[in-house]
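Residues: numbered from 1 along the sequence shown. Computed from a prediction, not measured in an experiment: that's the story for all the values here.
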Amino acid sequence: MMEEFMLPCLNKSLTGIDCFGCGGQRALLMVFKAEFTQAFFMFPAIYPILTLLAFLIVNLFVKFRYDFQIKIALIIFSGAVMLISYLIKMNMYFQLTQ
């Protein structure tokens, strides 16, 4: 039922190639359905992003000593996971199209 409300990827619609965030909505839906392994394989950055989001929400109410550094580290880690998983996905995609 929730699949009906998911937004289409504009990049994939126009070019046919996934963007950095492709699979994120489906992975989040899988997390809500407790399909944790499938969510990871759909979009590996789902767990670093959820960890960052949870930290940001907690940090609104509880201040930590090195909260800024933790936020930056979580952002960099999430971005790195997104970039690496995207490069792996694109490498497999271009190998299949050759």
*Asks:* Any idea which heavy atoms bring Ala27 and Phe43 closest together, and the distance?
*Replies:* CB-CB, 3.6 Å
*Asks:* Test: salt bridge (charged side-chain N to carboxylate O under 4.0 Å, His left out). Region: residues 42-54. Which pairs qualify, not counting sequence neighbours?
*Replies:* none
*Asks:* I'd like to check the ring pair (Phe, Tyr, Trp, His ring centres under 6.0 Å) partners of Phe55; sequence neighbours left out, ordered by chain and number.
*Replies:* Phe64
*Asks:* Name the orientation class of the two ring planes belonging to Phe40 and Tyr47 (parallel below 30°, tilted from 30 to 60°, perpendicular beyond 60°).
*Replies:*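 The rings of Phe40 and Tyr47 lie parallel, inter-plane angle below 30°.
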*Asks:* Does Leu83 have any side chain to side chain contact (heavy atoms under 4.5 Å, CB included) partners at least two apart in sequence or in another chain, and if so, which?
*Replies:* Phe20, Leu87
*Asks:* Among the clusters formed by ILVMFWY side chains lying less than 4.5 Å apart, do Met90 and Met92 turn up in the same one?
*Replies:*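 No, Met90 and Met92 fall in different hydrophobic clusters.
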*Asks:* Tell me whether Leu60 shares a hydrophobic cluster with Ile75, the cluster being built from Ile, Leu, Val, Met, Phe, Trp, Tyr side chains joined at under 4.5 Å.
*Replies:*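 They do share one cluster, since a chain of ILVMFWY contacts under 4.5 Å joins Leu60 to Ile75.
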*Asks:* Running the 4.5 Å side-chain criterion over Ile, Leu, Val, Met, Phe, Trp and Tyr, what cluster does Tyr66 land in, apart from itself?
*Replies:* none
*Asks:* Do Phe41 and Tyr93 share a hydrophobic cluster, counting only Ile, Leu, Val, Met, Phe, Trp and Tyr and linking them when any side-chain heavy atoms are less than 4.5 Å apart?
*Replies:*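 Result: yes, single cluster for both.
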*Asks:* Report whether Met82 and Ile72 are members of the same hydrophobic cluster (ILVMFWY, side-chain heavy atoms less than 4.5 Å apart, transitive linking).
*Replies:* no
*Asks:* For Asp67, what residues pass the side-chain hydrogen bond (donor to acceptor under 3.5 Å, both in side chains) criterion, not counting sequence neighbours?
*Replies:*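 Per chain and number, Asp67 pairs via side-chain hydrogen bond (donor to acceptor under 3.5 Å, both in side chains) with Asn59.
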*Asks:* Show every salt bridge (charged side-chain N to carboxylate O under 4.0 Å, His left out) that has at least one partner inside residues 37-57, sequence neighbours left out.
*Replies:*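 Passing the test, one end in residues 37-57: no pairs.
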*Asks:* Going by side chain to side chain contact (heavy atoms under 4.5 Å, CB included), name the residues that satisfy it together with Leu56, two or more places apart in sequence or in a different chain.
*Replies:* Leu52, Lys71
*Asks:* If you round to the nearest 0.5 Å, how far is SG of Cys19 from OH of Tyr86?
*Replies:* 7.5 Å
*Asks:* Just to verify, what does Thr15 make a side chain to side chain contact (heavy atoms under 4.5 Å, CB included) with, not counting sequence neighbours?
*Replies:*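 Once residues adjacent in sequence are excluded, the partners of Thr15 under the side chain to side chain contact (heavy atoms under 4.5 Å, CB included) criterion are Asn11, Ile17.
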*Asks:* Quick one: which residue pairs count as a salt bridge (charged side-chain N to carboxylate O under 4.0 Å, His left out) with a foot in residues 10-33, not counting sequence neighbours?
*Replies:*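 Found Glu3-Lys33, Lys12-Asp18, Asp18-Lys89.
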*Asks:* Quick check: do Gln25 and Leu29 have side-chain heavy atoms less than 4.5 Å from each other?
*Replies:*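 Answer no - side chains too far apart.
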*Asks:* Check for me, please, whether Ile49 and Ile57 land in the same ILVMFWY cluster - side-chain distances under 4.5 Å, paths through other members count.
*Replies:*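 Result: no, two separate clusters.
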*Asks:* Suppose we screen for side chain to side chain contact (heavy atoms under 4.5 Å, CB included). Which residues come up paired with Leu28, at least two apart in sequence or across chains?
*Replies:*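 Partners of Leu28 by the side chain to side chain contact (heavy atoms under 4.5 Å, CB included) criterion, ordered by chain and then number, come out as Phe32, Ile46, Leu50.
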*Asks:* Apart from Val81 itself, what residues make up its hydrophobic cluster when side-chain heavy atoms of I, L, V, M, F, W and Y under 4.5 Å apart count as a link, directly or indirectly?
*Replies:* Phe77
